Each structure stands twice: as C-alpha cells, then as structure tokens.
Amino acid sequence: MVTSSASLISMILGAVTSKIIAVLAGPIGISTFSQIRQLGQLLTILATLNGQNSLVRGMASKSKNEAEHYAWTIFLTFLLGAIVACALFLSFAPHLDRYLFKSDDKLVQLSINFI
C-alpha cells in the first residue's frame, strides 16, 4: 500500500512539475529540462553500476558478518561512483551549456551545476 501510494504521488508530482515548466519555459524549456533530467538519470545509473537488484540478492545470500563487509564495500563503491559522477558533471557544465543552450550564460551554468 505504501509503495503504491508513493508511486502515485511521484507520478502526480512529476506531471505537475512538467506542466509548470511547460507553462513557464515553453516547449524549448521542457525539452531542455528533459535532457538534463535524462543526463542525471544516466549519471545515476553509471554511479551505481545499475546493480540494485543484484546487490539485494548478494546481500541476502551472505551470512551476517559477510553481509556487513559486503554492505560496507558496496557503500564505498557507490560513494566513489557518486563523487566521480558529480565531479564529471560539474567539470563539464560549461561545455554542456554551450552544447545544449548555445550560450555562455553564467546563470545557465549555475543552474546546470545545481541540478
């Protein structure tokens, strides 16, 4: 019940967010927002190595001591992946700005960094 409620709320909030961006920024704004959101999803997949299900199975198959070591190793791996993904995203923000928006506007670069 909780999972389905959270999914429903997430869908509603996603639709409201898309509508607000569409009204305020127009078609180009919604397209740009979608590209940046997909880039964020790609970085999340790369940072976590897309291994959510296999990690849960691996954790369940271990004894308590092995599971603690396994969890710590996975945590450090994810942390390192997140740091690398954030560093790459921040270092390439100006290039993304020129590629996506064809400008050198510092405000756009700041908003890309924020996202």
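Owing to the predicted nature of the structure, the values given are computational and were not obtained by experimental measurement.
Remark: side-chain polar atoms of Ser10 are not paired, donor with acceptor, to backbone N or O of Ala6 under 3.5 angstrom. A side-chain donor-acceptor contact under 3.5 Å links Ser61 to the backbone of Gly58.
Atom CD1 of Ile45 sits about 10.5 Å away from atom CD of Gln38, to the nearest 0.5 Å. Atom-to-atom distance recorded for Leu8:CG and Leu13:CG is 9.5 Å, nearest 0.5 angstrom. Atom CD1 of Ile9 is separated from atom OG of Ser4 by 9.5 Å, given to the nearest 0.5 angstrom.
The number of heavy atoms from other shown groups lying within 6.0 Å of NZ (Lys19) does not exceed 12.
For the ring-ring contact (aromatic ring centres under 6.0 Å, His included) condition, the pairs that include at least one residue of residues 50-72, sequence neighbours left out, are Trp72-Phe75.
Grouping the Ile, Leu, Val, Met, Phe, Trp and Tyr side chains by contacts below 4.5 angstrom, directly or via other members, places Leu88 with Leu80.
Counting all heavy atoms, side chain and backbone alike, Ala67 lies closest to Met59 at O-SD, 3.5 Å.
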